[in-house]
Amino acid sequence: MEIENRTQWHPAFCDSMELELAENKKGLTYDREHNLSSEPLRIDLLIIKKDSNEVIKNEIGTFFLGHNIVEYKSPDDQVNIDTFYKVLSYACFYKSDTGAVDEILDTDITITLIREQKPEKLLGQLCQKYKVTNKGKGIYHIAGMLFPMQIIVTKQLEESLHVWLKALTRSMDLAQAEKLLESYDRLCDDEERAKAKTVVNLVSDVNSSVFEQIVSGGKSMSEALKEMILPELGELKVIIANKDAELAENRAELAENRAELAENRAELAQKDAEIAELKRKLAEATTAVRAEE
């Protein structure tokens with residue numbers, strides 16, 4: 001399994017999926033990077049229904065059975081026929097690597113492959129062997145395989161229904177970024193807000209110019225949200241605060257210097273007056289001496 005960019009993309013993807021399925025969060029458990037064996041072979045995300053009768057409301061999840069293997073490919077990853085067979089092998093391994101024979105039924109497992117761009121070549125190859133059906137914008141079901149499989153193309157998904165998964169892109173536009181922030185602001189659940197923050201932090205980093213436009217454009221948002229999407233704002237505020245303090249200190253010192261200067265000028269003026277008085281008295285004395293002569 002490819003691990004490139006996982007530090008960047010994978011946590012945000014898992015949070016995006018949980019936000020997508022938030023309406024059913026009490027009925028699902030999530031196991032990130034589920035270990036398939038003692039070897040470093042892991043499923044990106046395993047979603048298990050706690051109750052087999054759980055009805056998933058999100059259109060991506062209506063496909064789910066009891067055990068659902070989800071493989072995510074970031075915008076930097078390649079998806080091809082070998083990727084397909086690798087993911088298929090995860091399902092086979094997951095089915096076989098249990099405590100008892102047939103503990104997990106093959107009829108209770110699904111595979112979901114998610115990526116941003118449509119894998120045209122892969123879908124064309126699959127059409128030659130299996131039945132591929134477009135079940136909605138960006139949702140492709142592949143029937144006739146060992147396990148039911150769907151391929152999700154996030155770029156094609158309906159934005160109003162899938163704001164979180166569609167956010168996982170390097171090509172976000174201004175309208176999409178604003179919609180994402182509005183969705184974040186509407187969240188009331190602390191746990192969901194924490195997951196959403198992971199997503200927003202990632203996409204604001206890889207689409208920084210768009211989010212800078214929002215902040216600099218004067219769009220109304222909380223200071224906390226501004227600092228979250230542009231962390232450097234917080235650092236800038238500290239720098240400005242330090243500069244303000246330094247300026248205030250300089251101004252105080254300048255005011256003190258001015259007061260001292262005024263005092264010196266007053267003393268100088270007094271000395272000038274004293275000298276003038278002495279000169280006057282000297283002139284009077286000189287005049288008196290000359291008169292006596």
**Complete:** ring-ring contact (aromatic ring centres under 6.0 Å, His included) filter on His141, not counting sequence neighbours, yields Phe63
**Message:** Could you report the tightest heavy-atom contact between Met172 and Asn207, atom names first, then the distance?
**Reply:** N-OD1, 3.0 Å
**Item:** Residue pairs fulfilling salt bridge (Lys or Arg N to Asp or Glu O under 4.0 Å) with at least one residue in residues 10-25, sequence neighbours excluded
**Value:** Asp15-Arg32, Glu18-Arg32, Glu18-Lys195, Lys25-Asp189, Lys25-Glu192
**Prompt:** If every non-hydrogen atom of Asn58 is compared with every non-hydrogen atom of His162, which pair is closest and at what distance?
**Reply:** OD1-CE1, 3.4 Å
**Prompt:** Given side chains that start at C-beta, do those of Gln150 and Ile60 come closer than 4.5 Å, heavy atoms only?
**Reply:** yes
**Complete:** Minimal heavy-atom distance between Pro148 and Leu65, with the atoms involved, is CG-CD1, 4.4 Å
**Prompt:** Considering only heavy atoms from C-beta outward, does the side chain of Asn24 approach that of Lys49 to under 4.5 Å?
**Reply:** no
**Request:** Indicate the atoms forming the closest heavy-atom contact of Lys155 with Ser171, along with that distance.
**Result:** NZ-OG, 4.5 Å
**Request:** Kindly determine whether Phe211 and Leu181 satisfy side chain to side chain contact (heavy atoms under 4.5 Å, CB included), including the steps that lead there.
**Result:** CA-CA 10 Å; Phe211 286 86; Leu181 295 179; 4.0 Å; yes
**Asked** Is the closest basic N to carboxylate O distance between Lys137 and Glu158 below 4.0 Å?
**Response** yes
**Prompt:** Roughly how far apart are Ile48 CD1 and Ile69 CD1, rounded to 0.5 Å?
**Reply:** 9.5 Å
**Close side-chain approach of Ile152 to Thr112, heavy-atom, < 4.5 Å** = yes
**Request:** Decide yes or no for Lys73 and Ile114: does some side-chain heavy atom of the first lie under 4.5 Å from some side-chain heavy atom of the second?
**Result:** no
**Request:** Return yes if some donor-acceptor pair links the side-chain N/O of Asn201 with the main-chain N/O of Lys197 below 3.5 Å, else return no.
**Result:** yes
**Message:** Within the structure provided, determine whether Ile139 and Leu157 are in side-chain contact (heavy-atom separation under 4.5 Å).
**Reply:** yes
**Request:** Would you give the length of the straight line joining atom CD1 of Ile111 to atom CG of Leu113, rounded to the nearest 0.5 angstrom?
**Result:** 9.5 Å
**Message:** Once ring-ring contact (aromatic ring centres under 6.0 Å, His included) is applied, what residue pairs with a partner in residues 257-284 remain, sequence neighbours excluded?
**Reply:** none
**Message:** Working note: Leu21 + Phe64, criterion side chain to side chain contact (heavy atoms under 4.5 Å, CB included); need CA distance, chi angles, decisive distance, verdict.
**Reply:** CA-CA 11 Å; Leu21 305 174; Phe64 288 171; 3.8 Å; yes
**Asked** Side-chain donor-acceptor pair under 3.5 Å between Thr154 and Glu116, yes or no?
**Response** no
For a quick test of your reading: what N or O donor-acceptor pairs under 3.5 Å do the side chains of residues 121-130 make, sequence neighbours left out?
| unit_1 | atom_1 | unit_2 | atom_2 | d |
| --- | --- | --- | --- | --- |
| Lys129 | NZ | Tyr85 | OH | 3.4 |

**Prompt:** Which residues pass the salt bridge (charged side-chain N to carboxylate O under 4.0 Å, His left out) test with Glu267, sequence neighbours left out?
**Reply:** none
**Request:** Mind checking ring-ring contact (aromatic ring centres under 6.0 Å, His included) for Phe13 and listing every partner two or more places apart, or none if nothing turns up?
**Result:** Tyr72
**Message:** Taking the side chain as everything from C-beta on, heavy atoms only, tell me whether Tyr140 gets closer than 4.5 Å to Thr133.
**Reply:** no
**Asked** Have Trp9 and Asp77 got a donor and an acceptor in their side chains that come within less than 3.5 Å?
**Response** no
**Request:** Answer whether the closest heavy-atom distance between the side chains of Arg170 and Asp76 falls below 4.5 Å.
**Result:** yes
**Message:** Tell me the closest heavy-atom pair linking Asp106 and Lys95, and the distance in Å.
**Reply:** N-CE, 3.6 Å
